[in-house]
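All remarks here apply to the structure that follows.
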Amino acid sequence: MQESELTARRMRMVEEQIIRRGVRDSAVIEAMRRVRRHEFVSADLVESAYDDSPLPIGFGQTISQPYIVASMTAQLRLTEGAKVFEIGTGSGYQTAVLAALGYDVYTVELIPELAQRTGENLFRSLEGRVQCRVGDGREGWPEAATFDGIMVTAAAEEIPPILLNQLGVNGRMIIPVRLGMTDRQELVLASRTAAGVSYDVLYQVRFVPLRREPSSGPQLA
Ligand code: SAH
């Protein structure tokens, strides 16, 4: 598929899926225009890269739907230079959007093969703004904490307390939470102020599960 057609599709995606659905943050909109989503999917899915849906990326995982990426990013309300922790690097698309906004990104992925493939992809295009690691993101990234923003891109059964502790004052965390024994997931925004943490339930989502570390323990790389 021609580069000009992919660009046209990306611009249309931003108009129809992002702006029309109410994302207002102009920096986020610009980042969504710049980051080439088709470079984060396999060759056979390039034609679908700007569709209004998640797509498979191997290992049973998915690249998130563009609207969800834009909406979650805007909810963090960060500015250039902010420090962000992302759980679930996956394809690296969300990571690349955060980096395009000028944030310093720390991202963790549980599946080593996925982290390696994506890490190579990201490191090629994103000179040093992004640090990737293999491990269980529920442990956070203690050496780099605290963070201005934390984004979890897999559905948790509860909000990990370690992550809340790594959220700085005025920091915001966005996390999909699965409710009890149901399939229902809600996107939760946790905001820390000097007075404590408050929670807002935003809207229903559908993410792959946030899994526990392999029994052999986390592998750091
Ligand atoms: N942000 C990614 C979404 C990938 S799907 C993208 O846009 O492509 C969620 C990812 O979270 C998967 O790659 C999965 O392997 C990873 N994951 C699940 N549990 C995890 C955990 N405990 N720690 C780190 N990554 C985890």
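All residue numbers refer to positions in the sequence shown, counting from 1. Whatever order the structure lists them in is the order used to number ligands and atoms, beginning at 1.
Using a 4.0 Å cut-off between a side-chain N of Lys or Arg and a carboxylate O of Asp or Glu, R9 and E5 qualify as a salt bridge. Between R21 and D52, at least one side-chain nitrogen of the basic residue sits less than 4.0 Å from a carboxylate oxygen of the acidic one, meeting the salt-bridge criterion. A salt bridge between R129 and D104 is present, with a side-chain N of the basic residue lying under 4.0 Å from a carboxylate O of the acidic one. A salt bridge links E30 with R33: the distance from a Lys NZ or Arg NE/NH1/NH2 to an Asp or Glu carboxylate oxygen falls below 4.0 Å. The pair E39-R37 does not meet the salt-bridge criterion, since no charged nitrogen lies less than 4.0 angstrom from a carboxylate oxygen.
Judged by distance alone, the side chain of R34 and the main-chain N or O of A100 form a donor-acceptor pair under 3.5 Å.
The V108 neighbourhood of ligand 1 comprises atoms 24 (C), 25 (N), with distances under 4.0 Å to a heavy atom of that residue. Atoms of ligand 1 found under 4.0 Å from any heavy atom of V208 (numbered from 1 in listed order, with element): 5 (S), 9 (C). Atom numbering of ligand 1 starts at 1 in the shown order; those under 4.0 Å from a heavy atom of L114 are 13 (O). Short contacts between ligand 1 and G137, defined as distances under 4.0 Å to a heavy atom of the residue, involve ligand atoms 21 (C), 22 (N), 23 (N), 24 (C). Of all atoms in ligand 1, listed by their number and element, those nearer than 4.0 Å to a heavy atom of E86 are 1 (N). Atoms of ligand 1 lying under 4.0 Å from at least one heavy atom of D136, given by number and element, are 21 (C), 22 (N), 23 (N).
Considering T62, I111, L55 only, the shortest heavy-atom separation from atom 3 (C) of ligand 1 involves T62. Taking all heavy atoms of A154, G135, G90, S91 into account, the minimum distance to atom 8 (O) of ligand 1 is reached by S91.
Each of I174, L187, V177, I175 was checked for a side chain to side chain contact (heavy atoms under 4.5 Å, CB included) with V152, and the lone residue meeting it is I175. No option in V108, L167, T107 other than V108 meets the side chain to side chain contact (heavy atoms under 4.5 Å, CB included) test with F85.
With no hydrogens or angles considered, no side-chain donor-acceptor pair links S191 and Y199 at under 3.5 Å.
For ligand 1, the polar-atom distance check finds an N/O of E109 within less than 3.5 Å of one of the ligand's N/O atoms. Residue G88 has at least one N or O atom closer than 3.5 Å to an N or O atom of ligand 1. Here's the thing with I87: none of its N/O atoms is less than 3.5 angstrom from an N/O atom of ligand 1. Between Y93 and ligand 1, no pair of N/O atoms sits closer than 3.5 Å. Residue L110 places at least one N or O, backbone or side chain, under 3.5 Å from an N or O of ligand 1.
Counting heavy atoms closer than 4.0 Å to ligand 1, residue T89 contributes backbone atoms (N, CA, C, O) but none from C-beta onward. Contacts between Q61 and ligand 1 below 4.0 angstrom, taking non-hydrogen atoms only, involve the side chain exclusively. Contacts between L210 and ligand 1, counted as non-hydrogen atom pairs separated by less than 4.0 Å, involve both the backbone and the side chain.
The two residues G90 and E109 come nearest to each other via the heavy atoms N-OE1, 2.9 Å.
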